[in-house]
Amino acid sequence: MKNKSMEKIDYILTAALEVFLQYGFKKTSMDDIAKAAGITRQGLYFHFKNKDEIFAASIQKALHDGLQAASAALKENGAPLERKLFRALDAWYGSYAGLFGSERSDWDFHCRRVCGSDIADSETLFRQKLTETIFACTDKPPVQAHAQTIDEVLCTCGQSWKRTADSHEKFTEKMYGAIRLCCQNS
């Protein structure tokens, strides 16, 4: 169980990520983050020394939480493949649907600059788990043979729709349709 200090930091990081997604790295200030987290700027500096540090920590938290939730969804005993895929893709991509603002043009650059290969490494791990689940959850040779292609299609859709869908509901509607289409032979 987390202590109050860790819960507070988690809350700050969640608020920070939402602000970064909305305004991009460059246009986000420490004041913006403090206001969103409901603390003073000094309180924010008590936990994080600068914007790079809070940006990196918020991304790391999102990657960790997303991978944990997606992994749990993929391991759900007795659940049909479509349900496992939907829950995993929603956990990995859908949590951010509707949050990307128009001022996020610097997002990818600063993610690479501050986080290095962490995002790509996490994405690779997620996709491996997704492909393994697709392959393991069906005994239909056409689906097994195309498990990696199904993974590629669904992840490409998820990546795109998390940035372009104007709401989580729109994301889930599109994602569920894509999953049904990809798994129609399973």
Side-chain angles (χ1 to χ4, degrees), residues 2 6 9-10 13-14 16-18 20-21 25 52 54-100 104 106-165 168-186:
K2 292 184 180 182
M6 290 303 298
I9 290 173
D10 281 353
L13 292 175
T14 299
L17 183 63
E18 289 180 12
F20 283 123
L21 287 169
F25 180 85
D52 276 1
I54 196 167
F55 185 73
S58 67
I59 298 292
Q60 291 297 330
K61 178 185 180 326
L63 292 172
H64 176 267
D65 292 352
L67 199 51
Q68 294 290 97
S71 295
L74 293 171
K75 292 177 184 173
E76 189 178 344
N77 287 333
L81 176 60
E82 287 183 16
R83 179 175 162 169
K84 288 181 179 189
L85 295 177
F86 177 77
R87 288 187 174 182
L89 289 157
D90 190 40
W92 189 249
Y93 298 115
S95 330
Y96 310 104
L99 297 178
F100 278 90
R104 54 151 172 73
D106 62 351
W107 179 258
D108 292 331
F109 170 78
H110 288 288
C111 282
R112 283 189 304 275
R113 180 183 66 78
V114 175
C115 298
S117 65
D118 291 347
I119 295 171
D121 294 346
S122 294
E123 177 80 12
T124 298
L125 183 56
F126 169 71
R127 294 194 53 190
Q128 286 172 343
K129 291 176 183 234
L130 204 63
T131 299
E132 289 168 5
T133 300
I134 294 166
F135 187 82
C137 283
T138 182
D139 58 358
K140 309 270 191 213
V143 175
Q144 286 182 336
H146 299 293
Q148 191 168 9
T149 301
I150 292 169
D151 160 75
E152 288 176 22
V153 168
L154 294 176
C155 287
T156 299
C157 290
Q159 180 75 351
S160 174
W161 293 335
K162 84 174 181 182
R163 292 173 180 247
T164 60
H168 182 253
E169 292 76 25
K170 189 61 82 175
F171 172 87
T172 58
E173 179 184 313
K174 289 181 172 191
M175 197 77 254
Y176 189 69
I179 292 167
R180 289 186 64 213
L181 184 62
C182 286
C183 295
Q184 64 185 347
N185 291 328
S186 60

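Everything quoted here is computed from the prediction, not taken from an experiment.
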Visitor: Kindly write out the residues that satisfy side chain to side chain donor-acceptor pair (under 3.5 Å) with Glu76, not counting sequence neighbours, or none if the list is empty.
Guide: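 Glu76 satisfies side chain to side chain donor-acceptor pair (under 3.5 Å) with Arg83, Arg87 only.
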Visitor: Using 0.5 Å steps for rounding, measure from the CG atom of Asp108 to the CZ atom of Phe25.
Guide: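 Result: 14.0 Å between the selected atoms.
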Visitor: Any side-chain heavy atom of Asp118 within less than 4.5 Å of one from Ile59?
Guide: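 In short, these two side chains do not touch, never coming nearer than 4.5 Å.
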Visitor: What distance separates Thr164 OG1 from Lys170 NZ, expressed to the nearest 0.5 Å?
Guide: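 Between atom OG1 of Thr164 and atom NZ of Lys170 there are 11.0 Å.
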Visitor: I'd like to know if the side chain of Thr124 reaches the main chain of Ala120, judged simply by a donor and an acceptor atom lying under 3.5 Å from each other, with no hydrogens or angles considered.
Guide: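 Yes: the side chain of Thr124 pairs with the backbone of Ala120.
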Visitor: Kindly give the heavy-atom pair with the smallest separation between Trp92 and Gly66, and that separation in Å.
Guide: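 Heavy-atom minimum between the residues: CE3-C, 3.6 Å.
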Visitor: Do side-chain atoms of Thr131 reach the backbone of Gln128 as a donor and acceptor pair under 3.5 angstrom?
Guide: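 Side chain of Thr131 to backbone of Gln128, a donor-acceptor pair under 3.5 Å: no, none is there.
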Visitor: Output all residues satisfying side chain to side chain donor-acceptor pair (under 3.5 Å) with Ser71, sequence neighbours left out; order by chain, then residue number.
Guide: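 Ser71: side chain to side chain donor-acceptor pair (under 3.5 Å) contacts with Lys129.
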Visitor: Are the ring centres of Phe20 and Phe55 closer than 6.0 Å?
Guide: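 Aromatic pair counts; centres sit under 6.0 Å.
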Visitor: Closest approach of Ala16 and Ser58, non-hydrogen atoms and distance?
Guide: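 What the structure gives for the nearest pair is CB-CB, 4.4 Å.
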Visitor: Would you indicate whether the side-chain heavy atoms of Phe86 and Cys183 approach each other to under 4.5 Å?
Guide: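 Not in contact.
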Visitor: Do you see a donor-acceptor pair shorter than 3.5 Å between the side chains of Asp90 and His168?
Guide: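 Short answer, yes.
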Visitor: Do Tyr93 and Cys155 make a side-chain contact, defined as non-hydrogen atoms from C-beta onward lying under 4.5 Å apart?
Guide: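 Yes, side chains in contact.
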Visitor: In Å and rounded to the nearest 0.5 Å, what is the SG to CD1 distance from Cys182 to Ile134?
Guide: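 It is 8.0 Å, given to the nearest 0.5 Å.
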Visitor: Could you measure the distance from the CG atom of Leu85 to the CD1 atom of Ile150? Nearest 0.5 Å is fine.
Guide: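 Nearest 0.5 Å value for the CG-CD1 distance: 8.0 Å.
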Visitor: Drop me the distance from Ser122's OG to Leu63's CG, to the nearest 0.5 angstrom.
Guide: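 Answer for the OG-CG pair, Ser122 versus Leu63, is 4.0 Å.
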Visitor: Quick one: does Asp151's side chain have a donor or acceptor within less than 3.5 Å of a partner on Leu130's backbone?
Guide: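 Not confirmed, Asp151 side chain does not pair with Leu130 backbone.
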Visitor: Which distance, rounded to the nearest 0.5 Å, do you find between the SG of Cys157 and the CG of Leu89?
Guide: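 Atom-to-atom, Cys157:SG and Leu89:CG are 9.5 Å apart.
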Visitor: Taking side chain to side chain contact (heavy atoms under 4.5 Å, CB included) as the test, write out the residues that go with Gln68, two or more places apart.
Guide: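 With neighbours one apart ignored, the set is His64.
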Visitor: Please examine the side chains of Leu99 and Leu17, heavy atoms only from C-beta on, and report whether any two atoms are closer than 4.5 Å.
Guide: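 Not in contact.
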Visitor: Going by heavy atoms in the side chains, are Arg113 and Asp52 under 4.5 Å from each other?
Guide: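 Yes, at least one pair of side-chain atoms sits under 4.5 Å.
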Visitor: For a quick test of reading the model, state the closest non-hydrogen atom pair linking Ala91 to Ala70 and the distance between them.
Guide: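 Scanning both residues completely, I find the closest heavy atoms to be CB-N, 3.8 Å.
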Visitor: Taking all heavy atoms of Lys84 and all of Thr133, pick out the closest pair and write down the distance.
Guide: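 Heavy atoms of Lys84 and Thr133 come nearest at CD-CG2, 4.1 Å.
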Visitor: Would you check if Leu13 and Ile9 make a side-chain contact, meaning some heavy-atom pair closer than 4.5 Å?
Guide: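 A side-chain contact under 4.5 Å exists here.
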Visitor: With a 4.5 Å cut-off on side-chain heavy atoms, are Tyr176 and Glu82 touching?
Guide: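 Counting from C-beta outward, Glu82 and Tyr176 do come under 4.5 Å.
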Visitor: For a quick test of reading the model, state the closest non-hydrogen atom pair linking Met175 to Gly158 and the distance between them.
Guide: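 Between these two residues, the closest heavy atoms are SD-CA, 3.9 Å.
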Visitor: Which pair of heavy atoms, one from Phe100 and one from Lys162, lies closest together, and at what distance?
Guide: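 The answer is CD1-O, 3.3 Å.
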Visitor: Are the side chains of Glu152 and Arg127 in touch, meaning some heavy atoms are under 4.5 Å apart?
Guide: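 Yes, at least one pair of side-chain atoms sits under 4.5 Å.
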